[in-house]
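As structure tokens, the structure follows; a few thoughts come after it.
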Amino acid sequence: IVEVVLFSLALADRINFLRLDLASKIEDLDRAKNRIELSERKYRSLVENTGDFVFSLSLDFEFQSVNRGVTGLLGYRPDKLQGLHFHDLLTYDEGSFLRGEIVSRALHECVEKKKATTFRAKLRAAHGEGRELDFRIEYIDDPDESILLGRALPVDEDTLVRFVQSEKMT
């Protein structure tokens, strides 16, 4: 009987220790969850409120998500681009077919090599002329679904002017 009592006390002590350990781990998980949620809210706010055109593409180059920056740059509502193929927005001015091939190659290499790529492309605007943008697209590898995450900025039209002026000074 003494052995059974001692065994019961040891078992109760072990259960109490495991309960306290579990409670501590649950608290740690709650803190981590709260930090992740805060981080997600901050980054979502950053992406949604930036003037840059930020988007994600499927590996088939269809828009999955688009922020509001596209409205300011191209005049589209973000929901109008979802499901649209990236190439459907490319404009082909005289002599720009080669540029479309370069964009296509850059996108395919990004997926195949799983590396970031940069390129310049002119996209069709909702109203009026197309707009030339500089793109940076990264391959995001995820066990559930890999995507391409992109950012587009307007081409700084004054870059060439500043370059020529700086060359004149030297």
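Predicted model, so just to flag it, every value in this text is computed and none were measured. Heads up: numbering here begins at 1 and tracks the sequence.
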[X] versus [Y], closest heavy-atom pair with distance:
{"X": "A116", "Y": "E138", "result": "CB-CG, 3.7 Å"}
{"X": "L133", "Y": "P154", "result": "CD2-CA, 3.6 Å"}
{"X": "S104", "Y": "H108", "result": "O-ND1, 2.8 Å"}
{"X": "V66", "Y": "Q82", "result": "N-NE2, 4.4 Å"}
{"X": "H87", "Y": "F61", "result": "CE1-CD1, 4.4 Å"}

Hydrophobic clusters here meaning ILVMFWY residues chained together by side-chain heavy-atom distances under 4.5 Å, can you tell me if [X] and [Y] are in one?
{"X": "I140", "Y": "L107", "result": "no"}
{"X": "L153", "Y": "L81", "result": "no"}
{"X": "Y76", "Y": "L90", "result": "yes"}
{"X": "V70", "Y": "I147", "result": "no"}

request  = Can you sort out the partners of E37 under side chain to side chain contact (heavy atoms under 4.5 Å, CB included), two or more places apart, ordered by chain and number?
outcome  =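 Checked E37 against side chain to side chain contact (heavy atoms under 4.5 Å, CB included); matches are K33, N34, R41.
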Would you mind listing every salt bridge (charged side-chain N to carboxylate O under 4.0 Å, His left out) that reaches into [range], with sequence neighbours excluded?
{"range": "residues 77-89", "answer": "R77-D79"}
{"range": "residues 65-75", "answer": "E48-R68"}
{"range": "residues 110-119", "answer": "none"}
{"range": "residues 141-155", "answer": "D52-R151"}

task = Check side-chain hydrogen bond (donor to acceptor under 3.5 Å, both in side chains) between D60 and all other residues, then give those that pass, not counting sequence neighbours.
result =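 side-chain hydrogen bond (donor to acceptor under 3.5 Å, both in side chains) check on D60 returns nothing, list empty.
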query = Partners of E132 by side-chain hydrogen bond (donor to acceptor under 3.5 Å, both in side chains), sequence neighbours excluded?
reply =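 In terms of side-chain hydrogen bond (donor to acceptor under 3.5 Å, both in side chains), with neighbours along the sequence ignored, E132 is linked to R99.
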Compile the donor-acceptor pairs under 3.5 Å between side chains in residues 18-29 and protein atoms, sequence neighbours left out, one pair per line.
| residue | atom | partner | partner atom | Å |
| --- | --- | --- | --- | --- |
| R19 | NE | N16 | OD1 | 3.4 |
| R19 | NH2 | N16 | OD1 | 2.8 |
| D28 | OD1 | R31 | NH2 | 2.3 |

key: Minimum side-chain heavy-atom gap P78-T71 below 4.5 Å   =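 When only atoms from C-beta onward are counted, T71 and P78 do touch, with a gap below 4.5 Å.
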task = Taking the side chain as every heavy atom from C-beta outward, state whether T118 and R136 have any atom pair closer than 4.5 Å.
result =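 T118 vs R136: side chains touch.
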ask   = Residues in ring-ring contact (aromatic ring centres under 6.0 Å, His included) with F53, at least two apart?
value =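 Here the qualifying residues are F55.
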Qualifying ring pair (Phe, Tyr, Trp, His ring centres under 6.0 Å) pairs, either residue in residues 132-154, two or more places apart =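 Listed by first then second residue: F86-F135, F119-F135.
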task = With sequence neighbours left out, write down each residue that passes salt bridge (charged side-chain N to carboxylate O under 4.0 Å, His left out) with D134, or none if nothing qualifies.
result =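 If we apply the salt bridge (charged side-chain N to carboxylate O under 4.0 Å, His left out) test to D134, skipping adjacent residues, the hits are R120.
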inquiry  = For the CD1 atom of I137 and the CD atom of E109, what is their distance to the nearest 0.5 Å?
reply    =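 Answer for the CD1-CD pair, I137 versus E109, is 13.0 Å.
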ask   = Taking atom CZ of R124 and atom CG of L89, what is their separation to the nearest 0.5 Å?
value =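 One gets 5.5 Å once the value is rounded to the nearest 0.5 Å.
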request  = Start with the C-alpha distance between I15 and L11, add both sets of side-chain angles, then the distance that settles side chain to side chain contact (heavy atoms under 4.5 Å, CB included), and finish with yes or no.
outcome  = CA-CA 6 Å; I15 290 172; L11 189 58; 4.2 Å; yes
key: S65 backbone acceptor or donor facing S56 side chain under 3.5 Å   =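 Present.
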query = Quick one: does T117's side chain have a donor or acceptor within less than 3.5 Å of a partner on C110's backbone?
reply =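 Side chain of T117 to backbone of C110, a donor-acceptor pair under 3.5 Å: no, none is there.
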inquiry  = Between R131 and L123, does the side chain to side chain contact (heavy atoms under 4.5 Å, CB included) criterion hold? Intermediate values first, please.
reply    = CA-CA 5 Å; R131 183 123 189 228; L123 296 188; 5.8 Å; no
Connected hydrophobic set around I36, excluding itself, where side chains approach under 4.5 Å =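 Same cluster as I36: nobody, lone residue.
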